[in-house]
Amino acid sequence: MSDPFYITTAIAYPNGKPHIGHAYEAIATDAIARFQRLMGRDVCFLTGTDEHGLKMDQTARGLGIPTQQLADEMSFYFRDMCDKLDISIDHFSRTTSDHHHKASQAIWKRLEASGDLYLDRYEGWYSVRDEAYYDEAELTEGEGGTKLSPQGTPVEWTVEESWFFRLSKYQQPLLDFYAAHPDFMRPESRKNETIRFVEGGLKDLSVSRTSFDWGVKVPGSDNHVMYVWLDALTTYISGIGFPDDTEEWRKYWPASVHIIGKDIVRFHTVYWPAFLMSAGIPLPKQVFGHGFLLTRGEKMSKSLGNVVDPIELAGLFGVDALRYFLLRDVSFGQDGSYSPEAIVTRVNADLANSFGNLAQRTLSLIFKNFEGCLPAIHGHTDDDNALFDVVREAVSVQIPAHFEDLAMSQALERWMHAVFACNAYIDVQAPWALKKTDPERMETVLATLFICIAQLAVAALPVIPGSARKLLDQMGVPENVRNFGNIVSHWYSPLAESGFRIAQPQGLFPRLELPAEEENAA
RNA sequence: GGCGAAGUAGCUCAGCUGGUUAGAGCGGUGGAAUCAUAAUCCAUAGGUCGGGGGUUCAAGUCCCUCCUUCGCUACCA
């Protein structure tokens with residue numbers, strides 16, 4: 001294979017179990033990765049956990065367990081989420097691994113060699129929870145005269161020796177890079193924000209801490225640990241081999257796209273590129289900041305008690321149902337809203353009623369009337385060709401174009417459009433009525449539908465991998481045509497002539513019911 | 001305060017560089033069909049495209065202004 005495609009999610013900070021936002025990001029990234037594989041590209045998909053930092057250390061201490069043990073436990077939940085949601089990762093990287101420490105120290109040495117690191121003192125109001133310093137002016141007065149950060153977290157006056165990175169030096173190089181690579185930041189609104197931020201001037205960045213030791217040691221300064229972001233971002237390259245000159249590293253870097261949440265755009269579009277420039281490493285081709293998922297239009301938060309467990313949700317509605325809903329109902333890049341009603345409505349309408357039912361009625365007719373043998377084609381009519389045109393246009397032109405553009409919801413909209421065309425076709429042709437009047441025509445109609453359904457199933461593989469695969473299995477579609485290139489080739493007649501028979505068709509997408517408690521709430 | 005995004009049918013939203021009667025899905029209504037997961041198909045419902053002003057032969061689609069929501073950022077020190 002050639003044409004490598006390297007995609008990553010953000011490296012999650014596992015100070016709690018994964019929530020729906022983590023799941024959303026993983027699912028979206030997975031759909032893109034799967035799509036690219038089905039386009040024949042050599043894909044590497046990396047995710048992982050960012051386990052350093054004071055917060056982890058403190059949480060562990062609070063629980064009375066070793067920090068590493070907490071990290072192991074929490075990281076497991078994220079790894080487990082990937083398994084449960086059918087996330088097709090190639091690498092799960094952890095910042096606590098030995099190799100990652102080595103990689104982080106290697107990049108540190110490169111920054112140092114470029115003359116971009118210097119030792120200084122840092123003092124100011126520090127928030128442990130945010131792991132950030134704030135200006136006096138940014139603080140607000142809390143209860144009892146305590147000082148609070150803009151995020152409402154407590155701050156303490158802290159003085160520490162710190163290594164600094166000459167971020168200021170990269171202001172112009174970054175702006176030049178943005179100008180030369182208009183697709184580097186997406187969507188557009190995030191790009192504008194970043195450019196204005198950089199134009200406003202960059203201050204050097206404190207990149208080490210001495211107040212705790214749960215992190216990567218700074219080479220030559222054992223009492224310092226590296227700033228969590230420098231360490232975390234390095235995961236994108238350490239996960240594929242850096243600093244070793246491995247085959248993966250040579251093949252996959254620079255990354256095709258980093259998929260991240262809109263809240264951490266700056267780290268990925270300002271700090272990360274600056275670090276890489278300093279280290280003499282090529283920059284990723286694109287950073288995409290997706291939106292947030294709101295619960296019934298409200299921001300998720302622990303205090304509101306509306307934090308949703310994605311595993312529970314998948315258990316309730318099905319993994320593919322959840323995946324489909326998130327990618328279909330939320331325009332990628334914008335905020336989206338989630339509710340049980342919305343999932344049930346969308347999934348029933350699209351997957352159960354339209355697509356699932358289409359497959360079921362077609363396969364049932366074949367199963368009952370031909371003992372499962374695939375019907376022969378006795379010459380196609382204009383109606384057949386018109387349907388082929390619609391489905392083929394969707395499957396080999398529109399859907400790939402939208403996926404390529406990371407517009408999953410639009411890809412699925414085109415997919416549904418083609419599904420509608422199939423349902424309209426089956427109603428007009430009424431193969432069940434042709435049984436007595438024109439059995440040969442009945443065969444052709446069902447064969448036509450069979451082909452179209454297979455094409456649509458392949459196009460849906462990135463989003464609903466489990467159920468699409470099950471359908472293709474039921475239909476006996478050979479593995480080697482289950483991709484965007486081959487599914488529009490002539491595989492049907494050979495399959496029919498091979499003597500393949502479909503078994504009694506099994507429904508793919510059961511109609512969902514609104515959970516009882518939700519009905520009451522609504 | 002500055003910059004930016006958004007405000008389009010009951011709901012969720014499409015509408016690129018301005019141009020025939022403003023679109024889709026869901027919901028609602030009226031038909032058809034009965035192979036299928038009571039699923040499907042057809043027709044339809046008449047929305048001042050946030051308000052106002054302007055440019056143009058022609059504006060959701062460009063300009064100005066106002067209102068609302070949101071994001072980034074700054075400041076009041």
Side-chain angles (χ1 to χ4, degrees), chain A residues 134-141 150 185 187-202 261-266 269-270 289-292 294 296-299 318 321 325 328-339 341-370 375 398 401-402 405 407 409-436 442 445-446 449 453 467 471 504-513 522:
Chain A
Y134 295 100
D135 286 340
E136 178 93 40
E138 292 181 89
L139 304 180
T140 56
E141 198 83 1
M185 293 180 267
E188 201 72 17
S189 53
R190 300 294 147 209
K191 176 177 170 178
N192 295 335
E193 284 173 12
T194 302
I195 291 176
R196 256 172 281 114
F197 173 76
V198 175
E199 284 172 345
L202 295 175
K262 65 179 184 180
D263 55 328
I264 53 174
V265 165
R266 181 175 306 160
T269 58
V270 180
H290 66 248
F292 289 156
L294 310 176
R296 294 181 192 285
E298 291 189 332
K299 215 165 178 170
F325 168 78
R328 174 64 189 89
D329 252 45
V330 181
S331 179
F332 200 54
Q334 297 192 295
D335 286 353
S337 190
Y338 146 86
S339 72
E341 302 91 290
I343 287 195
V344 169
T345 302
R346 172 62 74 183
V347 169
N348 281 347
D350 290 10
L351 295 182
N353 298 351
S354 294
F355 184 65
N357 188 230
L358 168 70
Q360 186 69 9
R361 64 203 301 208
T362 302
L363 298 186
S364 287
L365 284 166
I366 292 173
F367 177 73
K368 288 180 184 168
N369 292 290
F370 306 108
Q398 298 167 332
H402 283 128
D405 194 38
S409 66
Q410 293 182 61
L412 291 172
E413 193 181 333
R414 297 321 303 172
W415 183 73
M416 274 311 297
H417 182 79
V419 171
F420 288 149
C422 290
N423 271 322
Y425 171 88
I426 196 174
D427 270 41
V428 169
Q429 303 300 324
W432 48 88
L434 291 168
K435 190 172 181 180
K436 287 176 183 161
M442 179 192 191
V445 165
L446 290 175
L449 283 164
I453 291 167
S467 17
L471 176 58
Q504 169 101 48
Q506 304 289 315
L508 289 166
F509 306 100
R511 286 179 59 78
L512 301 177
E513 300 286 336

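Per chain, numbering begins at 1; letters A, B, ... match sequence-line order. What you see below is based on every heavy atom in this structure, not just the backbone, and it leaves out hydrogens, waters and symmetry mates.
Summarising the geometry, the separation between CZ on A:F325 and C1' on B:C26 is reported as 13 Å, rounded to the nearest angstrom. A:N348 has its CG atom 20 Å from the P atom of B:U12, to the nearest Å. Rounded to a whole Å, the CG atom of A:D335 is 12 Å from the C1' atom of B:U69. Distance A:R190 CZ to B:A6 P: 12 Å, rounded to the nearest Å. Taking atom CG on A:N357 and atom P on B:C35, their separation rounds to 13 Å, with Å as the unit. One can place CG of A:N353 at 9 Å from P of B:C41, the figure rounded to the nearest angstrom. Following rounding to the nearest Å, A:L351 (CG) and B:U40 (P) show an atom-to-atom distance of 13 Å. For the pair A:Q398 CD and B:A14 C1', the computed distance is 14 Å after rounding to whole Å.
Mapped onto RNA chain B by nearest heavy atom, A:D329 and A:L365 fall at different nucleotides, with A:D329 at the one closer to the 5' end. Heavy-atom nearest nucleotides on RNA chain B were determined for A:Q334 and for A:K368, and the one closer to the 5' end corresponds to A:Q334.
When the side-chain nitrogen and oxygen atoms of A:R346 are compared with OP1 and OP2 of B:U12, none of them lie within a distance under 4.0 Å. In terms of phosphate contacts, A:R266 brings a side-chain nitrogen or oxygen within less than 4.0 Å of OP1 or OP2 of B:U73. Taking side-chain N and O atoms only, A:Q504 has no distance below 4.0 Å to OP1 or OP2 of B:A36. Between A:K191 and B:G4 there is no side-chain polar atom (N or O) within less than 4.0 angstrom of OP1 or OP2.
Applying the 90° cutoff around 0 to the glycosidic angle, B:G23 is assigned anti.
Across all strands shown, the partner of B:G19 is B:C57, judged by Watson-Crick or G-U wobble contacts whose two distances both fall under 3.5 Å. In this structure B:C41 sits in a base pair with B:G31, meeting the Watson-Crick or G-U test at under 3.5 Å. Under the Watson-Crick or G-U wobble criterion, with both distances below 3.5 Å, B:C70 is paired with B:G4. With a cut-off of 3.5 Å on both pairing distances, B:U48 has no Watson-Crick or G-U wobble partner at all.
Nearest nucleotide to the side chain of A:R196, out of B:C3, B:A39, B:C35: B:C3. Listed candidates were B:G71, B:U37, B:C35. Nearest to the side chain of A:E193 is B:G71. Proximity note for A:T345 (side chain, C-beta onward) versus B:C41, B:U73, B:C26: the nearest is B:C26. Taking every side-chain heavy atom of A:D427 into account, B:U40 is the closest of B:U40, B:A36, B:A14. Of the listed nucleotides (B:C35, B:C26, B:G71), B:C26 has the atom at the smallest distance from the side chain of A:A349. Of the candidate nucleotides B:A36, B:U73, B:U34, B:U34 has the atom nearest to the side chain of A:W432. Nearest nucleotide to the side chain of A:Q360, out of B:U34, B:U40, B:U37: B:U37. Across B:U73, B:C35, B:C26, the shortest atom-to-atom separation from the side chain of A:F420 is found for B:C26. Across B:G71, B:C41, B:A39, the shortest atom-to-atom separation from the side chain of A:A424 is found for B:C41. Set against B:U37, B:C26, B:C3, the side chain of A:L508 has B:U37 as its closest nucleotide.
Counted within 6.0 Å of NZ on A:K435, heavy atoms from surrounding residues, nucleotides or ligands total 12 or fewer; the atom is thus considered open.
A:F509 comes within 4.0 angstrom of a base, heavy atoms only. If you check every strand for non-hydrogen atoms under 4.0 Å, A:L358 touches nothing. Within 4.0 Å of A:Q410, counting heavy atoms only, lies no atom of the nucleic acid at all. Across all strands shown, A:K435 has no heavy atoms under 4.0 Å from either base or sugar-phosphate atoms. Within 4.0 Å (heavy atoms only), A:A352 reaches at least one base atom of the nucleic acid.
Rounded to whole Å, the P atom of B:U20 lies 39 Å from the corresponding atom of B:A39. The same atom, C1', is picked in B:A24 and in B:A9; the two are 11 Å apart, to the nearest Å. Taking the P atom of each, B:A45 and B:U29 are spaced 16 Å apart, rounded to whole Å. The separation of B:G15 from B:A6, taken at their P atoms, amounts to 10 Å, rounded to a whole angstrom. If you take atom C1' in B:G47 and the same atom in B:U21, they sit 14 Å apart, rounded to whole Å. Nucleotides B:C62 and B:G25 are separated by 27 Å at their P atoms, to the nearest Å. Here the separation of B:C49 from B:A59, taken at their C1' atoms, is 11 Å to the nearest Å. For the P atoms, the distance from B:U17 to B:C64 is 16 Å, rounded to whole Å.
Side-chain contact between A:W432 and A:I426 is present, with at least one heavy-atom pair separated by less than 4.5 Å. Side-chain contact between A:L449 and A:I366 is absent, with no heavy atoms from C-beta onward closer than 4.5 Å. With a 4.5 Å cut-off on side-chain heavy atoms, A:F292 and A:D263 count as touching. For the pair A:E413/A:R328, a side-chain contact is recorded, criterion being any heavy-atom separation below 4.5 Å from C-beta on. In this structure, the side chains of A:Q334 and A:V330 stay at 4.5 Å or more apart for every pair of heavy atoms.
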| Criterion side chain to side chain contact (heavy atoms under 4.5 Å, CB included) on A:V198 and A:T269, from CA distance to verdict | CA-CA 10 Å; A:V198 175; A:T269 58; over 6 Å; no
| task | Start with the C-alpha gap between A:E199 and A:R196, add the side-chain angles, then the distance that decides, and say whether salt bridge (Lys or Arg N to Asp or Glu O under 4.0 Å) holds. | result | CA-CA 5 Å; A:E199 284 172 345; A:R196 256 172 281 114; over 6 Å; no
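Between the side chain of A:N348 and the backbone N or O of A:R511, no donor-acceptor pair lies under 3.5 Å.
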